[in-house]
Number of protein chains: 2
Amino acid sequence: MTRKAVNLKMLSEALGLSQTTVSRALNGFPEVSEKTRARVVEAAERLNYRPSPSAASLATGKSRLIGHVVSLSAHIMINPHFADFIAGAGEVYSESGYDILLRLAPLEEQERIYHNLAQDQRVDGVVVHGPLTNDRRIGILNALGLPFVVHGRSDEEGRDYAWMDVNNRRAFHRATEFLVDLGHRRIALVNGIEAMNFAARRRQGYETALAERGIALDETLMFSGDMTEPQGYRATRELLALGEPPTAILVASVLPAMGIARALGEAGLRPGPDMSVVAFDDCLSFLEPIDTDAPRDIPYFTAMRSSIREAGKRVARMLLDRIDDPQRPLESELWEADFVVGQTTAPPSRR
Amino acid sequence: MTRKAVNLKMLSEALGLSQTTVSRALNGFPEVSEKTRARVVEAAERLNYRPSPSAASLATGKSRLIGHVVSLSAHIMINPHFADFIAGAGEVYSESGYDILLRLAPLEEQERIYHNLAQDQRVDGVVVHGPLTNDRRIGILNALGLPFVVHGRSDEEGRDYAWMDVNNRRAFHRATEFLVDLGHRRIALVNGIEAMNFAARRRQGYETALAERGIALDETLMFSGDMTEPQGYRATRELLALGEPPTAILVASVLPAMGIARALGEAGLRPGPDMSVVAFDDCLSFLEPIDTDAPRDIPYFTAMRSSIREAGKRVARMLLDRIDDPQRPLESELWEADFVVGQTTAPPSRR
DNA sequence: TTGTATGCGTTATCAG
DNA sequence: CTGATAACGCATACAA
């Protein structure tokens, strides 16, 4: 057991080679002979040599850290959704020898933070979470030249940045049509915060579908806010208190959907027969059985479904690709959500 | 706008001082005169000087990074609980200029990872999540001399490491007593994975309380597994199918508690009147209304309650203190959970 | 294919 | 109170 960690100098001396050659051998440079490379690799293994990250970082300017700056303050949308996204991303990072640098900061500080992160060369790239419509962070990051990928989109075109998004508009369009086809005409929307682009798109899909079917919008049926369980609960109580309550609810996450189910239960109503509920389902892992061998239950909520964890993986890959080659053309990817019919939708009940 | 980031050399030349003096002034060394310090600080501000983290890290051996190594594989208990814990911890780190280094890795790799993290000096300290009974990570970390704090405990004494824990045993003891006092005698337990110390303690509290009241244990009423919504749902379906179902359920998290509520609802039973439910409530933020000005609802679940986010803050503080002074005596802290009576408990119903 | 010399941007040691 | 100078551990341009 060696007392002190062995560094490049010690390793090269032990091998009777120069630090240069050893470094090159370890970093896979082509000009080193396979024979020496084998020797070097063996010795490095045996002596338990590990390059110092800070020294390497100082020399190369690369930190092998990916920045994830998230706000806790207002948009707790981040909470369980974020955990699943990061789980997917982290898996990809690990395979490539990167780590996550996680920084919690209010949205209004994030521009300054990106600036500092770039100047300090603390991270090799960042993921932008929860983009607003016309999000200022994107312009800043482009100006800084820091590689980044946006989870979601910030504007209509999505041209001057790399992004991966779910087709939120189409998902909500389809779901609305599905409900209309079932015979519903009063359909409520319990949405996320509409300053966030994904929520704005969802509303567009909903409104467009209603308009196409000749159904007038009713502001009293539309809610926007943080996607928590109480949000769904409260919205439902308000909806049930209306003179003419809706017969169906579209909801932006299974979290408020659970609040909806609770409020309905308290009112003696059953999701499905008495009130249709369609949720956007991010496949949050704490809602899934762990044992995937077990027979799948019939899904409870009728849902638009897209795994946020898979999204995390994809975004991470895209970012690592950009870091490897910052000049590569901007990529973008739009995923369609599945539409899964569960137990919470039915034709409107006659009450 | 300066094109290139200004470094210590440039700053010192601009000031007509040596790098040494500038460095000392900036790092608050006592021997530098207040007058020069003021000059230096002003110039640093004006020229937008920021010390390079990797250079500082190379020179000092400190990375200003705190390691959080979490497993995704088996124990997804971590998922939403983890997000809230990290939100609390991150807040504290930010105030002190630390960042989180997040690494996802299966439990069996974590020992090696800690070893590497320490040897590489990649982090200044780590938080141990989800300790098992007799968790090997603790011995490893002590041997490595890497500062760490355990969230939870690994053994009875909790002597040779710093920890912060909730009194899980007492919480479940009290909850069990509460149910017995209401008249319940068949009380089910839907627990977390009992290899994890917190879950083992919870079971102890439950078993002890039953024994004290002369109630025999019934294995068919006890479940252990990942704390997901389906866990609660499935356990409840099994319980309801028993010849003699329980009249009350103790559950380790509000997540499975929601599954319990769903299964009861489907069976036409109401939590409270038909089946008492007591949950451990970590005050997960996605279950709380964001707007804290709003009048608080009457809590839904009767619950043992302790904020995991506050725990995150406390653990972070303890760790930063240890990093500042690794020789300080080992601290530990045991929090009592609140017991809050909600709408899901009542005397056993006559069916 | 391998080696020499230098730079990366700090902090720390030791003089003055 | 201030300043040269030497680490810190690696990568790389330039030589050989």
Got a donor-acceptor pair under 3.5 Å from the side chain of Arg50(B) to the base of dG9(C)? no

Taken to the nearest whole Å, CZ/Arg37(A) to P/dT1(C) is 10 Å

| message | Please classify the nucleic acid contact of Thr20(B) as base, sugar-phosphate, or nothing, using heavy-atom distances under 4.0 Å. | response | base

Item to complete: Determine: side-chain N/O of Thr36(A) to OP1/OP2 of dT2(C), distance under 4.0 Å, yes or no.
Response: yes

| message | Between Asp324(A) and Asp321(A) (side chain of the first, backbone of the second, donor and acceptor by atom type, cut-off under 3.5 Å), is there such a pair? | response | no

N/O (side chain, Thr21(B)) to phosphate O (OP1/OP2, dG3(D)) under 4.0 Å: yes

To the nearest angstrom, the CE-P distance between Met10(A) and dC10(D) comes to 10 Å

- Query: Does CD belonging to Glu31(B) count more than 12 external heavy atoms closer than 6.0 Å?
  - Reply: yes

Looking only at dA12(C), dT10(C), dC8(C), the nucleotide nearest the Tyr49(B) side chain is dT10(C)

note: Lys9(B), atom NZ; dG3(D), atom P; distance rounded to Å ~ 16 Å

**Prompt:** Do Ser154(A) and Asn197(A) meet the criterion of a side-chain donor-acceptor pair at a distance under 3.5 Å?
**Reply:** no

Whole-Å distance, Gln19(B) CD to dA7(D) P, equals 16 Å

(message) Check this for me, if you would: do Arg103(B) and Asp99(A) make a salt bridge, where the nitrogen-to-carboxylate-oxygen distance has to be below 4.0 angstrom?
(response) yes

Picking from dG9(D), dA5(C), dT11(C), the nucleotide nearest the side-chain atoms of Ser23(B) would be dT11(C)

Whole-Å distance, Glu31(B) CD to dA15(C) P, equals 16 Å

Glu13(B) atom CD is separated from dT2(D) atom P, nearest whole Å, by 18 Å

What's Leu8(B) touching, base or sugar-phosphate or nothing? Going by heavy atoms closer than 4.0 Å. base

| said: Quick one: does any side-chain atom of Gln110(B) pair with a main-chain N or O of Ala105(B) as donor and acceptor, under 3.5 Å? | reply: yes

The answer to which of Ala55(B) and Glu34(B) contacts DNA chain D further toward the 5' end, by nearest nucleotide, is Glu34(B)

Between CZ of Arg24(A) and P of dG9(D) the distance, given in whole Å, is 21 Å

Atom NZ of Lys62(A) and atom P of dT12(D) are separated, to the nearest Å, by 11 Å

Side-chain atoms of Ser18(B) come closest, of dA4(D), dG9(D), dT11(C), to dA4(D)

Notebook entry, point to check: Is any side-chain nitrogen or oxygen of Asn27(A) closer than 4.0 Å to OP1 or OP2 of dA11(D)?
Noted result: yes

